[in-house]
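Here is how names work: the chains are called A, B, and so on, in the same order as the sequence lines, proteins then strands, and each is numbered from 1.
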Amino acid sequence: MYLNNLNPHQLQAVTLINEHALILAGAGSGKTKVLTTRIAWLINQRLASPYSILAVTFTNKAAKEMQERLASMVDINVKAMFIGTFHGLCHRILRLHAKEAGLSNDFQILDMQDQLSFIKKILKEKDIDEDTLAPKTLINFINQAKERGERSHQVSMLQDKFNGKLINLYKHYEDSCQKQNLLDFAELLLRCDDLLTYNQALRQHYQERFKYILIDEFQDTNTLQYTWLKRFRGLDNIFFAVGDDDQSIYSFRGARVKNMRDFEQEFEVKHLVKLEQNYRSDGNILKCANTIIDYNSARLGKNLFTQSSEGEKVKIYSASSDSIEASWVAQYITSIIDSGTKAQDIAILYRSNAQSRVFEHTLFKQHIPYKVYGGLRFFERAEIKHAIAYLQLVDNLSQQVSMLRVINFPPRGIGAKAIEQLQDLANNLDINLVDAYPHLQGKARVNIHNFVEIIKDIQSQAMNLNLADTIEYMLAKSGLIHHYETEKEGQDRVNNLKELISAAHSFYIEEKLPHDCSSLGMLDTKELELEYLPPNVNPLRLFLSYAMLESGETQQQGVQLMTIHASKGLEFDSVFITGLEEGLFPNEGNANNQDSMEEERRLMYVAITRARKNLFLTCSQSRMLYGRISFNRSSRFLDELPVENTKWLSPKNSRSKSNDFDNSDIYNYADQAQTMPFWMQNKLKEKQDMNETNAMAQKLAIKHTKIIQHDKIFKINTNVFSTKFGEGTIVSIEGESEKALAKIRFKKHGDKILNLAMANLNVID
DNA sequence: ATTAGCCGCATTTTT
DNA sequence: TGCGGCTAAT
C-alpha cells in the first residue's frame, strides 16, 4: 500500500526506528512525502499514537499540505494532532497554559505592523527622536535578541551599539507588552521556550507525551527554534529532522545551517540518509543545478539524479534592455500557453521585487494573465486590520493597540489632542483607556462615550450571533462599510470586508464549529470532540489568533511572478529566471563575501530546481535601476553552467565588457548615456528598444510557405481544426521545423499564434 | 480632515 | 524612477 511507491532510501528514512535521524533531502526528492508517510507508518505500526507526535514546519502552507497528505493515508482526526508551524504550535501551547506562562486568556498577538507602531509609540512616550534612534533599529535589536533566546537582562552590552539605551528600551518594551498582554511573533516562541524551561512539570509532561518529533526544512531553523525543539528531548523520544543545506537561503533572517551539523553531533545521528533521486526536473535542468551548486565549498554533499529523459536544453537569452528582456519572456510565454501549458504552470522568477514592474507592464500589454506575489496579504490590508481591531475590542474592550487604531476610524470627531489627553490620563492613573475616558470633559468625552457604546452594542449582539453574523453586524455598526462605500475607489475595500465575512464562515467549517455557535460563547470542547482546543476560548478569540498567524493568501490563476525566495517549495512546468546580472544576481555586496556569495549560489540552485520541463535564463545588458540606467555584466552563474546542457538563443555575450558589443550601437549608447540628461536617455532607449524589437521580429520572420509536422502539411490559407479553438485558417508562418509558429485566424477566437509542433491541429480540406 | 508636495530610500521574509 | 511616510497648507 502506501509504502510501495517509495524508493529504497525513502523507505529507509520512513521506517528508521529507535534512533535520531537527519535526512538530507534534495530538491524534488519527495521530502514531504517521506515526512508524512513516516507519520502514517508510525501510527499504523502502533509505534505511536497520533497524540504522541509533534511535527513542525515553517509555513502554514506546508503544515496544511502535511495534514492533508496524512489525512489521505490514515483515518484519524489530523486537526487534533500537533502538526503545525513553530509559531502556531507555540501559540497552541501558550493557550493551553496561559496562566503558567504568565498570560491572561485574552492575550493578543502583534504582527509586524502592530509591533512597529507599538515601538513607535514607546519611542514617542520616551521622547526619543526618530532621527536619534530609528524605530527599525530598535525593532531589529529586540527581535534579534529574542531569536537568540535572550531577554533584555541577558543581552550583552557588546550587542548594544547605543551604550545600554537599546537594552533599556527592550526592557521597557517587554514590560509594556506584558502589561497589555501582547505577544509579538518572536515572543510566541520565546515565551513558550521559557515555559518549558522553567516549568519542570510541564516540560516533563511534553517530553513524555511527544515520543516522535519531526522537523521539516531544518536548514531554516534559527537559534531559538532549535533550542525550543531541544526542550522536548527527554529520555526516550526520537527526533527526525529533514533538511537540505543546499537550499538554505534565509541566513539573513537568522537561519542557521550549522544547526544541521550540531544536530548530527548532539543527537549522535548514526545514519545520515540522503534522498538524491529527483522526481521533478528533466535531465538537462538537473545537470545545471548540480553543476552550479558544486561551486560551493561548505556542503554536506549530495548529488541529485533523475530517471527522466534529458528533456529540453536550458535556454539562455541576453537582451539589450530590461524591457526587451520582458518582451522576449512574454513572447515565449504566449507560445508556451498557446501550445497547451496552463498559465499558472509558468513562473517568472527574479532576485528582487522591484524587477516585477517591467514584467507586469509587458504582460498586461500583451493580455497575458498574471499574478504577482509579495504584495500586501489579505489580513494585512488596512481595511481588514481595522475590522480586526474592532473584533479585538469586542473580545476585550481594554486592548489599547486596537482602541487607538479605530477610536477615530471612521472619523467621529475624536482628534489627536483628545487621544493624547486620554493616554496621558490613563498613564497617570495607571488604568486602561476605557476606564480613563469618563475623567475627560466636553466633546471628547461624549464622542469617546459614543464609540465605547458602539463596541458594547456589538458585544451584546455577539452573544447571540455566530462569527460571520457578528462581523456583518460590526461592519455596519462601526460605520466601516459605509465609510468605504462612500469613498471613491473604496469598492475593493468593501469587497475585502465582505470577504472577511466569508473567511469567518470557512473558519467555522474548517474548525468544525457548529454553525449556530455564538462568537463569544465558550466552546464545550468535550461535547464537540474538540478536546485539543484550550479551555476558556471562544470562536472570536480563535479567529483573531488565526488572522494574525495566517496571511490568508490562496494560489491564483495566471503566470506566477515572484522572487526566488518566494518560489522555494514550489514547482512549475516552465520557469524563467530573469535579471541574471552581476550586481543584481548575485546581488551587489554579497559577491565579495564568500559565505553570502555561496548563499546567492544556493538561491540560483533553488531557482533552477523549480523547473520541471523548460528552464529559461535571461539577462539584460542595461537596466533601469533606482532611476538610472546601469550596465551590468552577465551573471557569473551563467558561466558556471555546463555548456552541453544549455543553448544560447542570443549571441553569447562576453563577460569582459569589450568584445561582442564593442562596435554595436548598444555599446555606443552605453558610453553616451553616462553624460546625458535623463530624458534624453529615455528617448534613446526607446529608439534602441524599437530597433531591437524590429531586428528580433525580422529574425523570426523567415517566412516559410510550407511546414510539415506530424506528417501534416501546413501552408498559408490551409484550413485547420484545433480542439481548443475550433476552425481557423493559417494567415502566416514564421520559423522552421519544431519552432515554426503559425498565425491562425480562428472563426470564434480570432487570431492566435500557435507552435505547429505543439498545438494539436488537424488539416481540413 | 483631507491632500499636495517633498524627502529619502531602495535585497531576500515567514510567522 | 517610484514608492511610502511625513509635514504643511487648505
J.: Enumerate the side-chain hydrogen bond (donor to acceptor under 3.5 Å, both in side chains) contacts for residues 591-600 of chain A, please, sequence neighbours excluded, ordered by first and then second residue.
T.: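 side-chain hydrogen bond (donor to acceptor under 3.5 Å, both in side chains) check on residues 591-600 of chain A returns A:Ser251-A:Glu599, A:Ser297-A:Gln594, A:Ser297-A:Glu598, A:Arg351-A:Glu600, A:Asn590-A:Glu600, A:Asn593-A:Ser596, A:Gln594-A:Glu598, A:Glu599-A:Arg602.
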
J.: In whole Å, I'd like the distance from the CD1 atom of A:Ile419 to the P atom of B:dA1.
T.: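 Rounded to whole Å, this separation is 9 Å.
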
J.: Grab the CD-C1' distance between A:Gln355 and C:dT1 for me, whole Å please.
T.: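 Between C1' of C:dT1 and CD of A:Gln355: 15 Å.
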
J.: Is the NZ or CZ atom of A:Arg231 positioned over A:Tyr206's six-membered ring, under 6.0 angstrom from the centre and within 45° of the axis?
T.: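 The answer is no, since A:Arg231 fails at least one limit relative to A:Tyr206.
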
J.: Looking at A:Tyr226, is A:Lys230 sitting on its ring face, NZ or CZ under 6.0 Å from the six-membered ring centre and within 45 degrees of the normal?
T.: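 Yes, a cation-pi geometry.
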
J.: By side chain to side chain contact (heavy atoms under 4.5 Å, CB included), which residues pair with A:Asp194, not counting sequence neighbours?
T.: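 A:Arg151, A:Leu190, A:Tyr198.
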
J.: Mind checking what makes salt bridge (charged side-chain N to carboxylate O under 4.0 Å, His left out) contact with A:Lys79, not counting sequence neighbours?
T.: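 So A:Lys79 forms a salt bridge (charged side-chain N to carboxylate O under 4.0 Å, His left out) with A:Glu511.
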
J.: Answer yes or no on whether A:Lys120 is positioned over the face of A:Phe118, meaning its NZ or CZ is under 6.0 Å from the six-membered ring centre and within 45° of the axis.
T.: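 So A:Lys120 doesn't make the cation-pi contact.
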
J.: Run the side chain to side chain contact (heavy atoms under 4.5 Å, CB included) test against A:Ala387 and tell me which residues pass, sequence neighbours left out.
T.: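 By the side chain to side chain contact (heavy atoms under 4.5 Å, CB included) rule, A:Ala387 matches A:Met474, A:Leu475, A:Leu480, A:Leu497, A:Leu500.
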
J.: Of the non-hydrogen atoms in A:Cys619 and A:Leu580, which two are nearest, and what is the gap between them?
T.: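 Minimum heavy-atom separation between A:Cys619 and A:Leu580: CB-O, 3.1 Å.
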
J.: Measure CG/A:Leu376 against C1'/C:dC3 and give the value in whole Å, please.
T.: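 After rounding, the reported distance stands at 13 Å.
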
J.: Produce the list of close N/O pairs, under 3.5 Å, pairing protein atoms with atoms of nucleotides 6-10 of chain C; give distances to one decimal.
T.:
unit_1: C:dC6; atom_1: OP1; unit_2: A:Lys120; atom_2: NZ; d: 3.4

J.: Grab the CZ-P distance between A:Arg628 and B:dA10 for me, whole Å please.
T.: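 Taking atom P of B:dA10 as the reference, CZ of A:Arg628 is at 16 Å.
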
J.: Quick one: which protein N/O atoms are closer than 3.5 Å to N/O atoms of nucleotides 12-15 of chain B? Pair and distance per line, please.
T.:
unit_1: B:dT12; atom_1: OP1; unit_2: A:Asn353; atom_2: N; d: 2.8
unit_1: B:dT12; atom_1: OP1; unit_2: A:Asn353; atom_2: ND2; d: 3.2
unit_1: B:dT12; atom_1: O4'; unit_2: A:Arg351; atom_2: NH2; d: 3.2
unit_1: B:dT12; atom_1: O2; unit_2: A:Arg351; atom_2: NH2; d: 2.5
unit_1: B:dT13; atom_1: OP1; unit_2: A:Thr563; atom_2: OG1; d: 2.7
unit_1: B:dT13; atom_1: OP2; unit_2: A:Asn353; atom_2: ND2; d: 3.3
unit_1: B:dT15; atom_1: OP1; unit_2: A:Asn60; atom_2: N; d: 2.8
unit_1: B:dT15; atom_1: OP1; unit_2: A:Asn60; atom_2: ND2; d: 3.3
unit_1: B:dT15; atom_1: O2; unit_2: A:His87; atom_2: NE2; d: 3.1

